[in-house]
Amino acid sequence: MSWEEVTIGRSGAAVARSRGVYRKTADPDDRAVDLVAEGSRLAWLRGQGIPAPEVLDCRPGLLVTAEVPGRSAAEPWPAELRPKVIDALAEVLVRLHALPVAGCPYDRTLAVTIPEALGNEVDLEDLDAERSGWTRDQLVAELLRTRPGTEDLVVTHGDLCVPNVLFDPETCEVTGLIDVERLGVGDRWIDLAICTRSLTSDMNAQWGPELAARFLSRYGAEPDPGRIAFFRLLDEFC
Ligand SMILES: Nc1ncnc2c1ncn2[C@@H]1O[C@H](COP(=O)(O)OP(=O)(O)O)[C@@H](O)[C@H]1O
Ligand SMILES: [Mg+2]
């Protein structure tokens with residue numbers, strides 16, 4: 001079986017595809033990539049009726065999934081289909097966030113994510129523009145200073161950026177949520193903050209502020225600047 005390399009993602013996992021399957025590999029001793037955690041979450045998510053790839057093989061350092069048809073929101077979409085894609089994205093997130101939190105075995109509340117963040121290294125060369133030039137100490141101080149006092153808990157995807165959602169190229173329906181290593185119960189703004197950042201990034205100019213606003217409105221949320229800032233800051237530690 002010959003493999004075609006797809007990406008070496010930011011996480012450090014190498015992704016390759018071959019005849020209908022995707023393979024993610026990583027150093028099994030690398031604490032930063034947990035493919036067993038991802039495989040377990042994918043299977044759980046599919047079990048909840050949310051579109052996600054079927055897990056074909058999963059062990060430390062290896063995750064093999066069946067190819068999900070469609071293409072991601074990081075690929076180019078014709079202008080007339082973009083609002084439909086945004087609406088489908090908002091709709092799948094409403095469905096995900098409507099799952100009962102009591103039924104989700106994965107914890108991404110601040111009690112877990114803040115200590116985890118404090119133990120992680122930060123790539124200071126890859127900070128969001130508003131934090132460019134900050135030191136790690138500054139990031140940590142701001143994280144602890146702005147930690148929300150309450151959490152609006154739902155089942156979150158945890159890395160809801162445009163390459164991680166696939167859509168049918170004709171109907172624009174969501175065919176799969178992928179890259180779910182950080183899925184778990186957490187504040188809904190984990191996903192809303194990361195997704196709106198992805199939609200307004202220079203790397204995805206086809207979306208932009210207007211469609212990001214449409215996304216929030218279709219989802220049914222008013223922008224929450226404090227939580228947006230906090231969860232984007234927390235993501236610097238991932
Ligand atoms: N099961 C799958 N079906 C279709 N495409 C996939 C699948 N798994 C991964 N991909 C493609 O590979 C890319 C990288 O996979 P992903 O799991 O997001 O890894 P990374 O950690 O590198 O972001 C995705 O953006 C998507 O285009
Ligand atoms: Mg990804």
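Numbering of residues begins at 1 and proceeds along the displayed sequence. All ligand and atom numbering here is 1-based and tracks the order in the structure.
Distances from atom 26 (C) of ligand 1 to the heavy atoms of I178, D179, T7, V15 put I178 nearest.
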> Are K24 and D179 close enough, and set up right, to give a salt bridge (charged side-chain N to carboxylate O under 4.0 Å, His left out), and what steps lead you there?
Replying inline: CA-CA 10 Å; K24 252 176 138 163; D179 213 355; 3.0 Å; yes

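Counting heavy atoms under 4.0 Å from ligand 1, residue R17 does not touch it at all.
Cation-pi geometry between R214 and W207 is not satisfied (NZ or CZ under 6.0 Å from the ring centre, within 45° of the ring normal). Under the 6.0 Å distance and 45° angle rule, R147 does not count as a cation-pi partner of F230. Geometrically, R23 engages W3 in a cation-pi contact defined by less than 6.0 Å to the ring centre and at most 45° from the axis.
Put simply, the side chain of L177 does not reach to within 4.5 Å of the side chain of N164, judged on heavy atoms.
Residue side and main chain included, N164 places an N/O/S atom under 2.8 Å of the Mg ion (ligand 2).
For ligand 1, the polar-atom distance check against T65 finds a nitrogen or oxygen pair separated by under 3.5 Å. In terms of N/O distances under 3.5 Å, ligand 1 is not approached by E75. Between N164 and ligand 1, a contact under 3.5 Å exists for at least one N or O pair.
Below 4.0 Å from some heavy atom of V6 lie the following atoms of ligand 1, by number and element: 12 (O). Near L166, the atoms of ligand 1 lying under 4.0 angstrom from a non-hydrogen atom of the residue are 4 (C), 5 (N). Remark: ligand 1 atoms within the under-4.0 Å shell around heavy atoms of A66 are 1 (N), 2 (C). If you number the atoms of ligand 1 from 1 as listed, the ones under 4.0 Å from a heavy atom of P163 come out as 24 (C), 25 (O). Near P53, with a cut-off below 4.0 Å to any heavy atom, the atoms of ligand 1 are 1 (N).
When atom types are taken as modelled, the side chain of E236 and the backbone of D128 share a donor-acceptor pair closer than 3.5 angstrom. Put simply, the side chain of E5 never gets that close to the backbone of V15: no donor and acceptor are under 3.5 Å apart.
Taking the Mg ion (ligand 2) as reference, the nearest N/O/S atom within D179 carries the name OD2.
The hydrophobic cluster containing V112 does not contain Y106, counting ILVMFWY residues as joined when their side-chain heavy atoms lie under 4.5 angstrom apart, directly or transitively.
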